[in-house]
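Report on one structure; see the data block that follows.
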Amino acid sequence: MINMSLQWTAVATFLYAEVFFVLLLCVPFISAKRWSKIFKSRLVQTIVLYGNTFFMVTIAILVFLLIDAFREVRKYSVTETVDLTNYPVAVDHIHMKLFRAQRNEYIAGFALLLCVLLRRLATLLSQQATMMASNEAFKKQAEGASDAAKKYMTENEKLQQKLRDAGIAIPEVGKKSTAVGVEEENKTLKAKMQSLKDELDATKKVLQKSDSDVKAIKKQAENLTLEYDRLLSEHSKLQASTDAQSQDKKSN
């Protein structure tokens with residue numbers, strides 16, 4: 001009885017902890033991004049390494065306890081089939097056992113349900129944070145492509161205007177006779193786009209190199225500051241020693 005009491009006390013404590021964490025994950029003012037950062041922390045990642053094994057062992061234990069509680073309920077559900085009118089103490093005892101068995105059945109069942117629900121909530125929050133990050137990246141990429149397209153259209157209009165001013169005939173888009181000109185224009189625009197992409201990649205490389213140079217210069221400046229502080233300290237010590245010697249000479 002003592003072992004069973006400790007056993008079901010542990011299961012009930014685990015159930016209360018699950019309820020707390022489920023409510024915590026459902027708190028509206030904690031965003032999915034914040035949960036994603038928490039899930040990616042070192043402590044949580046260390047727990048996740050063994051989390052799958054722990055989850056499977058926990059599920060197996062809860063299933064075993066649920067089956068045991070169900071067996072106990074079936075065992076003590078005999079008050080209607082057995083005549084115990086001459087044994088009122090036995091009836092009370094069986095009712096108490098039945099109540100405990102039903103209580104344990106509910107505890108094990110809800111603990112099993114919340115264990116699966118808790119894992120599913122954590123997975124959905126991580127997936128939502130990943131999707132939000134991907135959507136933001138796609139949005140920025142689409143905005144960049146839209147700005148680039150507007151820039152290319154503006155440059156194309158300027159180029160066509162210059163050609164008109166120079167007296168060069170420009171084929172109108174939409175006519176059969178201008179199909180070749182449209183294809184050439186598209187090729188030109190694609191070449192310009194590729195050139196701009198190459199320039200962007202080169203700019204990114206230069207920026208990365210500049211960042212590395214800035215970090216190196218910053219580190220060198222920190223080293224120089226430390227060296228300056230050390231030399232200043234030594235200078236102060238020498239100055240103090242010189243002043244002390246001068247005072248000794250004056251006193252002599």
Results of side-chain contact (heavy atoms from CB on, under 4.5 Å) for I59 - residues two or more places apart only: F55, V63, L112, C115, V116
Side-chain donor/acceptor of T58 to backbone N/O of F54, under 3.5 Å: yes
Atom pair CD1/OG1 of I107 and T9 - distance to nearest 0.5 Å: 8.5 Å
Student check: side-chain heavy atoms of K150 and M153 closer than 4.5 Å: no
Rounded distance [0.5 Å steps], CG in L238 versus OG in S233: 9.5 Å
Common cluster, L24/F14, ILVMFWY with side-chain heavy-atom separation under 4.5 Å: yes
Crowding at CZ, F110 (>12 non-hydrogen neighbours, <6.0 Å): no
Hphob cluster co-occupancy, L113 + V22, side-chain heavy atoms under 4.5 angstrom: no
All side-chain contact (heavy atoms from CB on, under 4.5 Å) counterparts of E234, not counting sequence neighbours: R230, L231
Qualifying residues under side-chain contact (heavy atoms from CB on, under 4.5 Å), relative to I61, sequence neighbours excluded: V57, L65
Side-chain heavy atoms of L66 within contact of E105, under 4.5 Å: yes
Reported OG1-to-CH2 distance for the pair T13 and W8, which is rounded to 0.5 angstrom: 12.5 Å
Partners passing side chain to side chain donor-acceptor pair (under 3.5 Å) against D198 (at least two apart in sequence or in another chain): Q194
Partners passing side chain to side chain donor-acceptor pair (under 3.5 Å) against R71 (at least two apart in sequence or in another chain): D68
L15-F70 co-clustered via ILVMFWY side chain contacts under 4.5 Å: no
Those residues that, when tested against M193, pass side-chain contact (heavy atoms from CB on, under 4.5 Å) (two or more places apart): Y152, K197
CD1 on I67 to CG on L62, rounded to 0.5 Å: 11.0 Å
Any residue meeting salt bridge (Lys or Arg N to Asp or Glu O under 4.0 Å) with R119, in chain and number order, not counting sequence neighbours: none
Linked, directly or transitively: V73 and F99 (ILVMFWY side chains, under 4.5 Å): no
ILVMFWY cluster, L23 and F20 together (side-chain gap under 4.5 Å): yes
Separation of R103 CZ from Y106 OH (nearest 0.5 Å): 13.0 Å
